[in-house]
Structures are given as C-alpha cells and as structure tokens.
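What follows is a set of notes on a single structure, which appears directly below.
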There are 6 protein chains.
Amino acid sequence: MSSTPLLPVLLSIVILLSGVSTTTTALTQDFCVANLPLGADTPSGYQCRPAATVTAADFYSGALARPGILIRPFNTSLASAFVQQYPAVNGLGISASRVDILPGGVVPLHTHPEGSELLYVLDGALVAGFISSSDNKVYYKEVNKGGMFLFPQGLLHFQYNSGDTTAVAFAAYSSSNPGLQILDYALFANNLPTSYVVKGTFLAEAEVRRLKTMFGGSG
Amino acid sequence: MSSTPLLPVLLSIVILLSGVSTTTTALTQDFCVANLPLGADTPSGYQCRPAATVTAADFYSGALARPGILIRPFNTSLASAFVQQYPAVNGLGISASRVDILPGGVVPLHTHPEGSELLYVLDGALVAGFISSSDNKVYYKEVNKGGMFLFPQGLLHFQYNSGDTTAVAFAAYSSSNPGLQILDYALFANNLPTSYVVKGTFLAEAEVRRLKTMFGGSG
Amino acid sequence: MSSTPLLPVLLSIVILLSGVSTTTTALTQDFCVANLPLGADTPSGYQCRPAATVTAADFYSGALARPGILIRPFNTSLASAFVQQYPAVNGLGISASRVDILPGGVVPLHTHPEGSELLYVLDGALVAGFISSSDNKVYYKEVNKGGMFLFPQGLLHFQYNSGDTTAVAFAAYSSSNPGLQILDYALFANNLPTSYVVKGTFLAEAEVRRLKTMFGGSG
Amino acid sequence: MSSTPLLPVLLSIVILLSGVSTTTTALTQDFCVANLPLGADTPSGYQCRPAATVTAADFYSGALARPGILIRPFNTSLASAFVQQYPAVNGLGISASRVDILPGGVVPLHTHPEGSELLYVLDGALVAGFISSSDNKVYYKEVNKGGMFLFPQGLLHFQYNSGDTTAVAFAAYSSSNPGLQILDYALFANNLPTSYVVKGTFLAEAEVRRLKTMFGGSG
Amino acid sequence: MSSTPLLPVLLSIVILLSGVSTTTTALTQDFCVANLPLGADTPSGYQCRPAATVTAADFYSGALARPGILIRPFNTSLASAFVQQYPAVNGLGISASRVDILPGGVVPLHTHPEGSELLYVLDGALVAGFISSSDNKVYYKEVNKGGMFLFPQGLLHFQYNSGDTTAVAFAAYSSSNPGLQILDYALFANNLPTSYVVKGTFLAEAEVRRLKTMFGGSG
Amino acid sequence: MSSTPLLPVLLSIVILLSGVSTTTTALTQDFCVANLPLGADTPSGYQCRPAATVTAADFYSGALARPGILIRPFNTSLASAFVQQYPAVNGLGISASRVDILPGGVVPLHTHPEGSELLYVLDGALVAGFISSSDNKVYYKEVNKGGMFLFPQGLLHFQYNSGDTTAVAFAAYSSSNPGLQILDYALFANNLPTSYVVKGTFLAEAEVRRLKTMFGGSG
C-alpha cells in the first residue's frame, strides 16, 4: 500500500473543492479562540483568531494557579478565567474561577446572569446556598473538601467560610462569560441615587448611605 | 382539474409512509400547548397537550386585561401570563406580564433569571432602570406613554411611578417562563437566617430584622 | 471596616488577570447593542457596540409611541421596533411592533419566519387567526381590548378590525429580528414571472395580473 | 497486561457512583429514538425510547426508496422521513424527504416553519426558487442532476419540473420535524371562511370559491 | 374506519405511564432536578422532579470526593458526576468528573461527543493534548498543579501522568451528560467483527485480535 | 383600490422608523451567506455578506455533482459542501457531502464533532455502522440504493462497500460545518510522538510506526 503524502492530497481536495480563495485561514471551527483586541463581540461570543496562529499554549491557563487579589471587606480572593482572561473558552460554553475565603470571610450575595455554577471545594469548609425565584425558598448546605454544590443560572447565591482555615474552591460555569453581579456593588458602589435605592429596596436611607460610603458609591 | 378530496389523500400518505401505528396523535409541532396538570416539566418546557384537543381558545388569554392583585408595600399590581397562566406559550420563547403602579408605587429591585424584558408603557409615566454586572453601571430613564425600555436577562432592575396617575405597562419576555426574583422577598421573606443575610449583604442586623418583619420572613 | 476604593481594586484585578490589552472595551456581555452601521451581521446577530459608548438612551425607544405610516390597501399602519430600529434588542431574543387597523382594515396573511408573536390588544376589537402546517387547521378568535393572542413561529396568520373604531395592538416577538413575509407582497409585489406564480399557486393568470398591478409587481 | 473483564468494571463504576436505582434504562443520550406511541412530545422533541430496546434497524429507513403517493393537482409524489416516519432523527436536528415531479408537475408554494431545506437533484431538471421576507426579492434558478439549492427557514419556496422527464430530488432539513405549510392547502383546503380569505389576500371572492372547490375546502 | 375513542385511550396511557401525581404544580424552572427512575429522557434532558420534593441535599454531591475505582490497564481511576450520578445538573449545561492517574498511568484517547471539557490539575503533573479535526493538528502541553487545559467538544484527546506522583485533576464539562467514547473500548471491547475493525482502521488483524483479547471484546 | 407603489412606501417606513443611517445593507437575516475572505468566523458562524450582493447563484452549488478526488488507501472519493465550499449554508444548520466508494473501498472510522449525519444511498450497497459512547454498543446494517442510515453527532462511524459496483451516497449534516476527524489521520498522519500514540491507544509500537509510514505521519 502506498505511503504517498496523504495530507497534501487532502489539502488539495479542500482547496480544489472550496471554490473560494485559499487565503482564508479559518478553515474549521473545532475551536474559536477569541480575538480579543481586534475582534468585536457578537451575541454568540468574540470573533475567532485565525486558526494558523493558535498553539497549544492558548488552551492552557495558569490564571487560577494562585489566589486572586484580596478584596478587603469580604476577606476573600477572587480569580477569574472567563473569556477575557482565557480566550480559548470563547464559544465553548464553559469557564472557571477560584475563590479563597479566609476564616470569617464571605463571598457575598451575587448572581451570574449568563451561566450556572458548579462549585468544587478544594480545601477547608464553607456554607453554600442559593435562593430560588418566585417562591423564595432557600437551599443551603455545608460543603467540605471534595464536595460540590450547584447554583442555577441567575439566582442569588452566597458562600462563607465555616471553618478555621482558608476555604478554597474551584468554580466551573456553563458559559464562557457568565457575568458577576455582586449585590452590594450593584446597590452601593455606583452613582444610583440614594432615593432610588431606598425606593427599590425599602432599606432605610441611613443604611443606604452607610453602605454607599463603605463600598465607594456616590449619589 | 380534480376536486377529489385532497386532505384524506394527504392523510393516507402520512399513514402509509409513517411506518408507525396510526394511533399517534401528535402529528406536528407547530405549537406545544403545555399539558400542565398531567405532563411533567423538562428542561425545554412542559409536555405538549395532544394536538387534537387544542382549540383557538388556547391561544387566547385575558390574564392581562385587568390589573392583578395589589401588593401592599409596593403599591403595585402585578398580573402574569407566563406558561403556568398561559400554557400556549410553552416552547415558543415568549410570555408577558402587566404592572399597574399607583402614584408613589414601585416595582422593587428584581431579576428575571430566565429571560430579557421589553417594557411598553401603556399609561402614565415611570422611571425604569437596570444595573449592569461586573462594572455596576446604572442605566435609567423616565419613560412616558408609548415609550419602551429594555432589561437584559438576569440583571437587577426596577421601575417606579414618576407621575401623578397610575402608571400601566405591558412587559414581554424572551422566555415562556422568565422567573421573578424580587430582592426583598429573596432576602427578607423566607427563613434564611438573619446572620446569613448580614454576612451576605453587610446590612446591619437590626435593619435585616426590621425588613424580615415587614416582608414576613423568619429566622 | 475599610472604605477604600473598591471599584479601582476590582478593575485592577480584572486588568491584572486578563493578560490582554486593557484597550479592549467590550468587557462584558450583559447586552450587545447592535453596531449597525459598522458591524457586519452574523448568524447570531450584529456585532456589539463598545460598551463604553452605550447609555441609558440606547435601551429606550419611542418607535411605537405613534402609529406608523398608513399602508393604503390594508387601511393599517405598521410600526416596527426590530433590531434595525431598536439596536439594543440585538442578541436578547425579543422585539416588538405596533399595528393600528382602521375600521374595515386588515393585516393581511403573513408569516414571521424567525419568531413567534404575542399580540396584546390596546384598543378596539379585532379577529386574529393562524393556520397550522401539515393539517391546515384554522385557529381564530375575536380579541377585545386587554386580550392576547399567540401566533406560533413561521405560520400564516392575519388580523382584521372587527369593530367600529380603530383597533390598536402591541406585538412582541421571540426574536430580535423576526422577519415579515406578507403573502401579497411575496406573490405580487416583485418580478416573479406571472407564469411561475400561476404554477406555484393554481391562481388564474388574470387574477395574478390584477394583483400584480394592484401591488406594484412586474413580470 | 491484564485481560480482566473491563466492561463489567466500567458498569460497576457507573452503578456504584450513580446513587440511583439501577433499574433506569436511559443511560446515555448519544441518541434519543422517539417513543412515538407512548411518549408525549416536548418543545425539544419526543421522549426517548429506552436505549436497551434500540437496535441498528431503528437507524435505518427505507421511507424514501420509492416515490410517495401521487398528489393529483400537482403531478408530484411526496414521501417524508420526518420524526413521525423516522423516529431515530428525534433530537438530532435533521430529517429528509423525496419529491418526484412528473413532467409539467410542480411543488407548489409552501414553507417549512421549523427548518431550512437543502435540495439535491437526483434526476431530471427543475426550477427552484424562494422569496425573501421584508424586501420580497425572488431567488430562483434551474437545477440539473447533481445540483443543489437552499431554501432558508420559513420562506415561501417552490419547484417545478423544467424538463421532459420526471425530476427526482432528495431534500434534507435542519430539523427533525420541519413542518410543511402548502399555501393552497392553508388557504383553500380547510374551513377558513371565504370572506376571511378574501380579506387576508385581496383575491377575488369567485377565485377563492373556485380554489376551495378544487382543494376540498368549505366555508 | 373506526371511531373508537382514541384520545381517552391516549390520555389513559399518559396517566398510567406518568407515574407522578396529577397534583404537581411545577411552578418554576429555576432548576429541573432529573426524575431519573420515573421520568423518560427527552432531547433536552430528563423530566423534572416535582419542585416540592427538592431539597438542598439535591444540589450537593460527594461523588468526586474520592478517587473512582481503578481501571487496570490504564492505571487511572475515574469518577463521574454526570446527570445520572448528579441529577441536579439536568438542564443546566454543566457536569464534572475526577481522574486520578497513577505514576505511569494514562487516560487513553477518547472523546466526549456532547460537551467540551475544562481540566484543572489538583495535584501532580500530566501531559494533556487533543487533535483537531480536518487538519489533524496536535495541541499538547504539560500541565502542573493549578494549571488548566481545554478540550473542545468531540475531539480526540488524552492525558498521561508525566511525574512521579499520582496526578489528580477535576474536569468540568459544558453539558449535563457529555458522553465518553474511549477509543480502545469502542474498537476492542465489543462484538464489532474483527474484519470490520481492520477495514475501518487499517490495523493489522493480529493486532486487532490482541487488543480485543486485552479489552474483553469478541468477534 | 389604489395601485400606488407600495414597495417604496414600505421602504420609507423602514427608513423613517429606523433612526439609523440608511447606508447599512444588511437589512434582514432570512439568510447569512458567509463572507469567507473578509469576515472573521464567530462561534455562530461567519459574518454575512451584504444582502445586496447575494444572488440566486449563491444558493446553488454543483460541488457534489461529480465524485471528489480519489483517496488512495481508502478507494473512496469524498466531496464536501460545507460552509467553506457552500457559503450559503452559513447559519442555516445544514450542509452535505458525497462519497463514492469503489468495490472493496471504505470510509474509515471517523467522527463529525459538530453534527449528526443522515446518509442516503444513491447507488450500490454499503454497510454503515456506528459505536455508541459509554456502553460501546455497535449498530450496523447493510444499506442498499434508496435506503438511509443515521450517525448521531460525535460518534465513531464507518461505511464500506458491500457490493460489486461503486457505492454512491449523499450525506446531509445538522451543521453548516460538521467537521471531520478521520481516526487514522488523527493518530498516524501528524507529528504526534509515537510514544504518545502507544500510551493513548495500547497499540504496539511497531504497528504505530507502520501506520505512521502509511499515512504520512512523523515523530
């Protein structure tokens, strides 16, 4: 049997049949590594980098190898590997983050508008919970090392360290860009007028002002 | 040209070609009216009622012809035409609701985890706004009769009456079941322990207790 | 507790972790306002405008505040708020239109190839109906002020004024760009040869010519 | 190296880890052969037959091996392999049909509300065309043996034999159940009142009555 | 033709098979915990358990807290938390598994037909790689503790321990049921006739027989 | 009734309501013909060519009118009409290919990572089969002229000529770009080190070297 160079033949077939210029580089879409600086975003994700420029290094990320920067009031470090930090997840419907919650620390109430989250506890112990919509039922549980907990898309959820050591968890998301809306930031870390926050939450005005000061908001 | 009965012929074709029992009734899926009492829910929606039992009346709904029941602390009436109230929307990616906001009334901060919302003001004037995730930017605007505003999926948003008369609005959603998570209910109308709410929001404990009392929560 | 500027810290985290140029502006995709003049369309919608250029005004539209231009033979005004008129709906799976049907007027048989429609009657009375595929069953009903009717995706449907006053309705769609194929325009308002129309519909040639003249077609 | 029975080990893993009764039979979803007589339809398709009952014969179909029954006024035979005739396509987003168009025959104007169509001509010659929405532009072309033509989802399209021999074509669809709305049947083969058809199409009443008689409609 | 009451019969079937109380109200679909023993699978996933029976424990899983059972020839333990083992992931587009690769061990070439995989290395070091389709390019890299690697949907990929200690990794998938097709099992652990394997792979017949013996296949 | 030019009126409506520059050309998305040389790929497909440049010729393809180039070791010709060869399929979820299998020829084991395949036999006879994931069950059957067989997405499958004449088949896919991963090419036609192939498959090293020579691989 022949040992003739099959790859060139295959390429020839592709070129002969294609009926389009051979200068296009995006021949397949096994993957679509995001072309972040050049390519505009679309509803389905970023434009793809030309396949010829993609190497194995693009599929690797060390973004979650160490804790992220500590966020003071929460005593928690957050590191993200969403599409902006890990362009290879573009279009693949998956991404990740890592939280390191110091003793006494919390991941405050927040939502991911664009994805569900599966949390795997790497170290320590934490309480994880979420609140369902419509019937406002609370689902929470202590999760120890090796345990998992699920937060369905778009629902308010939280975690806090329930042990004496730093709790570390790896979170995977069902989206390349799940978004993160932290309740305290949404209410108190922007210029939404205090009177609107009061109207929209029934919180006392003084409490809103206290938290706006704490989280750096104005208005 | 013939006036032979074409429909029977067409049915015969279907029957002859089908190779399956002719007792099946689900011939098409132009629509899938939810079989609410019998059919279990699936990730894509409810099972369909047999097509032969569906009539024009199923595609009609009067659920939004009048204001819903008044919700006291909000001074707002809410009526919904989601899949539970309007089974014909099942699988069609659309549903609706109606809000009637009395003078001074509000639709407090809330999210729809499963859909985006397009609001059309039928009467009066209201301020509508939402907060983006990640950068916590606020987008709000007064909307008068005939105006529309958009709330993207999963983001905290609110409305309040900015006029002297009842503001009425029709809302359409990009889902047959968008969900509704009202922030005050999620935090204060259930048995989520006060200490968790404090941890997860940085609100003062007394404020949490005050609002739990107001919204009927415990713990 | 600290009141240190949290937002800058958060931004620093994003920047530090991102590993990409900080000049990219499309940081999130809570929304993707269509970049209509510049951005090419894709199967999932238009490219997004840079988030930094988006303001609250983009989420507002007055396109349906008044009737559209009257279409003579139909005695109906049509105004649309699809993605071309309301760029903020891009990627959100929703859009809207408004019809004002004069007494005796109609919305003639048409389809929306890319979306289902939920019609809410704002004023007057109309008959709304659609025809299912495969079994050609007709579903129609009179709908008065406050009533709703559903037209599943891609099916022929129609409305006509059944009262003495102008019937006004707001329509929401399950797509940012549902399309609109008006049967009379598709058959009679273009250059499709008369002989093809006759072949494809079994209409009499004279009738095709009469309607081509009426709707401005040729051939 | 060991030749120990790996399959039993693998099954043991599945059973041990599953934490649910081992009596469930739907272990995977490589495929979901429609359980037509028993299983209710859902928005995503029919329920799956238990995997243990599925054999290679389910993935085979002879439904398109011969022409379907001749439809008189069209001089065309139609055979379908949609999910009702070919249950294995359920959930796979594909199905097929076959048309045999006698000399002088046509496939009259119709739409597939739920799928796009790719037509491959097996024999003879035909003219294939469709009409775009909104701008009503006509795209048509003669296609000979071995040629293909595309009809995008939901748009009115047609074919007619342009040669002297029977034209045969195989059509693939992007849906397991694309639907079929034949314009003449939708307008004239049901009980839609003549006056509605006239209102909705601007056809002359006598022409509507002539075609209702031809296609077996009433009203 | 019979006029026997088919609808009542069909309804009876549905009722008999449904096996769920007709009182279920399934008010929301924040989540859809799989009803594994009772509910049939659909193309979008399993039927949902009634919401009233769901507790926080359903969102927790300990399935990946310890290594799975050792698979001898691979020197690797595999534990899965797909929908069969972790019913709460149903419909959420996410799931997980854990591999423990002994020194010298491998995860042999395999695909996940229904999902992409994001691998996070918990301990040790491994080489991870995949092969693109069409151009057969190989992407591989050593990944140490804290590193991540991506395997796009449906592509052949592999891992092997490149260190002296057990390599442990957590894998997240973009599907609740990504599937697992291990190449050696697909070729050599079933009754696919040896002659077919030879035809389909160009492997020598003796080699096919050797591997069929090793992996427990026949034929 | 008026014969005034309706099309200009309709265009005026669009222009008046649009509130955006009238220079944009992508007015609808009935279709999105791929702009291959200019437009970057996105996760949902290529950018669209401006609608004004699209003609009926774009929806036609002759790519499958004749056999493709013969691939020697397989004795099979392959011609593809994926999005690169047939840009009009972009975004429509469908594409096609044609195989001509000489007597004794095969389509070796391969997968389509991005789509399911429906095979229609045009001439001759072939054996078609696939292997399910997880339980490694084999489904295969002889298919004669006019018969069809289904290969679900991502699963290993094969065909071989079981007759005395060339077997010809038309294949439709549920994706505009299903991908093609031929097992022999993935393992033996690239620079994947022999030692990795041995680790990942348990094939004997000599056999790997023999096949690397046969298929043009290195390493």
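In what follows, every chain begins at residue 1, and chains take the letters A, B, ... in the order their sequences are listed. The basis for the numbers below is simple: all heavy atoms, side chains too, and nothing from hydrogens, waters or symmetry mates.
The salt bridge (charged side-chain N to carboxylate O under 4.0 Å, His left out) search around R66(C) returns none, not counting sequence neighbours.
In this structure, chain C has heavy atoms under 4.5 Å from both the backbone and the side chain of L92(B). Neither the backbone nor the side chain of S175(B) has a heavy atom closer than 4.5 Å to any heavy atom of chain C. Only the backbone of Y173(B) has a heavy atom closer than 4.5 Å to any heavy atom of chain C. With a 4.5 angstrom heavy-atom cutoff, L122(B) touches chain C only via side-chain atoms. Using a 4.5 Å cut-off between heavy atoms, V89(B) contacts chain C through both its backbone and its side chain. Both the backbone and the side chain of V54(B) come within less than 4.5 Å of a heavy atom in chain C.
Across A57(B), G93(B), S116(B), S61(B), the residue that shares the most heavy-atom pairs under 4.5 angstrom with chain C is S61(B). The residue among D58(C), L155(C), L119(C) with the most heavy atom pairs within less than 4.5 Å of chain B is L155(C). Between chain B and the options A56(C), A88(C), G91(C), the largest number of non-hydrogen pairs under 4.5 Å is found for A56(C). Chain C forms the most heavy-atom pairs under 4.5 Å with one residue out of F151(B), Y139(B), Y140(B), and that residue is Y139(B).
Of all non-hydrogen atoms in D41(C) and Y46(C), the two that sit nearest each other are OD1-N, 3.6 Å. The minimum heavy-atom distance between V198(C) and L203(C), with the atom names listed, is CG1-O, 3.5 Å.
Counted by atom type alone, D30(B) and S133(C) present one or more donor-acceptor pairs between their side chains at under 3.5 Å.
Atom-to-atom distance recorded for E117(B):CD and T111(B):OG1 is 11.0 Å, nearest 0.5 angstrom.
Panel note: side chain E207(C), backbone A204(C); no donor-acceptor pair is recorded below 3.5 Å.
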Applying ring pair (Phe, Tyr, Trp, His ring centres under 6.0 Å) to Y120(C) and F149(C), what does each step give before you reach the verdict? CA-CA 7 Å; Y120(C) 181 71; F149(C) 203 78; over 10 Å; no
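Below 4.5 Å, heavy atoms of chain B meet heavy atoms from F170(C), all part of residues 157-170 of chain C.
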